[in-house]
Amino acid sequence: MLCLGIETSCDETGVALVRDGRLVGEKLATQIDVHAVFGGVVPEIASREHLKVLPVLYRSLMEEHGLKAADIDRIAVARGPGLLGSLLVGVNFAKALALASGVKVLGVNHLWAHLLSPGLEVELEFPSLGLLVSGGHTHIYRIDSPVSFELLGRTLDDAAGEAFDKTAKLLNFPYPGGKLVDELGQKEDFDKKMFPVPYVNNDNLDFSFSGLKTCVANFVNKHPELKLPGMKLREDESPETASMRNRMLSSFNYTVGETLKVKVERALERNKNMKSLIVAGGVAANSVVRRVMARSVQRFSIPLVLPSMSLCTDNAAMIAYAGDCLAQKGFYHDLGFEAIPRGRVVPLDWSCD
Ligand code: KG4
Ligand code: ZN
């Protein structure tokens with residue numbers, strides 16, 4: 001089974017080929033530079049960039065591997081959740097390719113694909129608990145198989161990645177700032193008391209990060225010298241300012257890690273027979289999140305499954321892999337399937353052989 005994956009749900013354009021669960025090749029083009037001048041993703045520009053880049057990436061991937069469209073067994077495309085205009089570019093491309101080649105197409109849930117992505121590197125075991133922490137989502141799932149996900153908890157407001165990006169923006173960091181928040185935080189010890197661990201004194205598995213963002217905003221308002229002048233770290237700034245900023249970021253990383261820990265451990269207590277904990281999405285690249293989760297699984301004597309760094313952020317390899325898992329079970333879509341914007345549940349409207 002050779003599966004083509006197409007990813008255009010936000011600001012990365014990707015195509016990849018997976019054969020029987022193993023990555024054959026991929027192409028990825030990021031739009032970070034295009035959006036950085038605006039301090040965040042501009043949806044209209046993102047769609048136009050996908051339109052320009054996607055066919056070029058596809059042709060180059062296929063030529064590199066000496067393949068034609070007819071050699072593909074399944075075309076998998078991220079159908080949502082994501083930016084609607086961006087998704088429409090990928091979904092339309094996939095449908096056109098399906099029409100022209102006669103190959104069956106399959107719309108893939110981008111969030112499931114994130115959580116299944118480590119399957120490209122290790123054998124996944126089920127049932128497992130899945131924590132998805134990305135720029136747009138913070139979800140806890142019980143995953144019974146690659147085609148069976150039960151949502152146990154989700155953020156009520158901002159996603160974990162959004163909390164990182166907003167913190168970065170408050171400090172005038174260049175976009176996207178999550179990685180720099182992580183790196184600078186590693187330079188100082190955290191202060192457990194600087195920020196309250198949000199939304200844990202309850203009985204549920206949901207998250208809320210908007211209060212934490214307000215706490216950071218208040219702190220930065222009190223210490224405006226922490227904002228980077230000209231969006232750059234300067235060699236000549238006072239060591240005290242750098243140290244205070246790094247300490248604040250270390251405390252921020254700690255606070256996010258603690259929130260995730262409380263809810264993940266609660267979910268593991270309630271779901272006794274989990275074979276592993278899978279943590280995926282852009283924020284799974286965060287050093288504190290990786291460390292905290294590694295400690296949590298020890299308590300439950302289960303392995304922690306983390307995708308490698310390149311699989312954490314958006315990519316088409318994970319779409320091709322998820323598509324391959326679904327296609328192996330006979331799933332495909334009729335050509336009328338929809339793209340699903342952020343905030344709407346991705347329907348299970350497949351057909352099956
Ligand atoms: O999964 P992803 O690439 O895109 C979405 O589907 O949203 O996640 C992007 C998010 C951004 O919010 C980015 O700031 C965050 O992941 N991120 C990080 C790190 N690397 C990326 N957040 C914290 N620490 C990191 N090292
Ligand atoms: Zn994503």
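For ligands, and for the atoms within them, numbers begin at 1 and follow the listed sequence. The chain is numbered in sequence order, starting from 1.
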Next on the checklist: Between H137 and the Zn ion (ligand 2), is there a contact where an N/O/S atom of the residue lies under 2.8 Å from the metal?
Outcome noted: no
Checklist outcome for this item: atom 26 (N) of ligand 1: closest protein heavy atom, distance to 0.1 Å, is D182 OD2, 3.0 Å
Next on the checklist: Is it true that, when you exclude E269 itself, more than 12 heavy atoms of the residues, nucleotides or ligands shown sit nearer than 6.0 Å to its CD?
Outcome noted: yes
Checklist entry - Do any nitrogen or oxygen atoms of G281 come within less than 3.5 Å of a nitrogen or oxygen of ligand 1? => result no
Item to check | Close N or O approach (N286, ligand 1; < 3.5 Å) | outcome: yes
Next on the checklist: Please check this pair: side chain of D144 against backbone of P127, looking for a donor-acceptor N/O pair closer than 3.5 Å.
Outcome noted: no
Checklist outcome for this item: In ligand 1, the atoms that come under 4.0 Å of a heavy atom of H110 are 6 (O)
Checklist entry - Who's the nearest protein heavy-atom neighbour of atom 3 (O) of ligand 1, and how far? => result D314 N, 3.1 Å
Item to check | Shortest protein contact, atom 11 (C) of ligand 1 (heavy atom only) | outcome: D165 OD2, 3.4 Å
Next on the checklist: Check this for me: does any side-chain nitrogen of one of D349 and R79 sit under 4.0 Å from a carboxylate oxygen of the other?
Outcome noted: yes
Next on the checklist: Run L335 and L99 through side chain to side chain contact (heavy atoms under 4.5 Å, CB included) and show every step you take.
Outcome noted: CA-CA 9 Å; L335 284 172; L99 271 174; 3.6 Å; yes
Checklist entry - Heavy-atom distance under 4.5 Å between the side chains of T155 and E162, does that happen here? => result no
Checklist outcome for this item: From the list E265, K261, R291, side-chain hydrogen bond (donor to acceptor under 3.5 Å, both in side chains) with S296 holds only for E265
Checklist entry - Where's the contact between H137 and ligand 1, heavy-atom distance under 4.0 Å: side chain, backbone, both or neither? => result neither
Checklist entry - Can you find an N or O of T313 that's nearer than 3.5 Å to an N or O of ligand 1? => result no
Next on the checklist: Quick check: of its N, O or S atoms, which one does D314 have closest to the Zn ion (ligand 2)?
Outcome noted: OD1
Checklist entry - Mind checking whether Y254 and F195 have ring centres under 6.0 Å apart? => result no
Checklist entry - Does C10 reach ligand 1, in the sense of a heavy atom lying below 4.0 Å from it? => result no
Checklist entry - Is it true that E183 lies under 4.0 Å from ligand 1, counting heavy atoms only? => result no
Checklist outcome for this item: Judged by heavy atoms only, the candidate from A168, G282, S287 nearest atom 19 (C) of ligand 1 is G282
Item to check | H139 and Y141 aromatic ring geometry - parallel, tilted or perpendicular at 30°/60° bounds | outcome: perpendicular
Checklist entry - Do any of the N/O/S atoms of C10, backbone or side chain, fall under 2.8 Å from the Zn ion (ligand 2)? => result no
Item to check | G161: numbered ligand 1 atoms lying under 4.0 Å from its heavy atoms | outcome: 12 (O)
Next on the checklist: Evaluate H114 for polar contact with ligand 1, using N/O atom pairs at a separation under 3.5 Å.
Outcome noted: yes
Checklist entry - Are R270 and E150 ion-paired here, with the side-chain N under 4.0 Å from a carboxylate O? => result no
Item to check | Test item: side-chain donor near acceptor, D157 and S208, under 3.5 Å | outcome: yes
Checklist entry - Can you check whether G136 has an N/O within less than 3.5 Å of an N/O in ligand 1? => result yes
Checklist entry - Is there a nitrogen or oxygen of P176 sitting under 3.5 Å from a nitrogen or oxygen of ligand 1? => result no
Item to check | Protein heavy-atom partner closest to atom 7 (O) of ligand 1 - residue, atom, separation in Å | outcome: G135 N, 2.7 Å
Next on the checklist: Evaluate F164 for polar contact with ligand 1, using N/O atom pairs at a separation under 3.5 Å.
Outcome noted: no
Next on the checklist: For F149 and W112, take the angle between the two ring planes, folded into 0 to 90°, and tell me which bin it lands in: parallel under 30, tilted 30 to 60, perpendicular over 60.
Outcome noted: parallel
Next on the checklist: I'd like to know if the side chain of R245 reaches the main chain of L228, judged simply by a donor and an acceptor atom lying under 3.5 Å from each other, with no hydrogens or angles considered.
Outcome noted: no
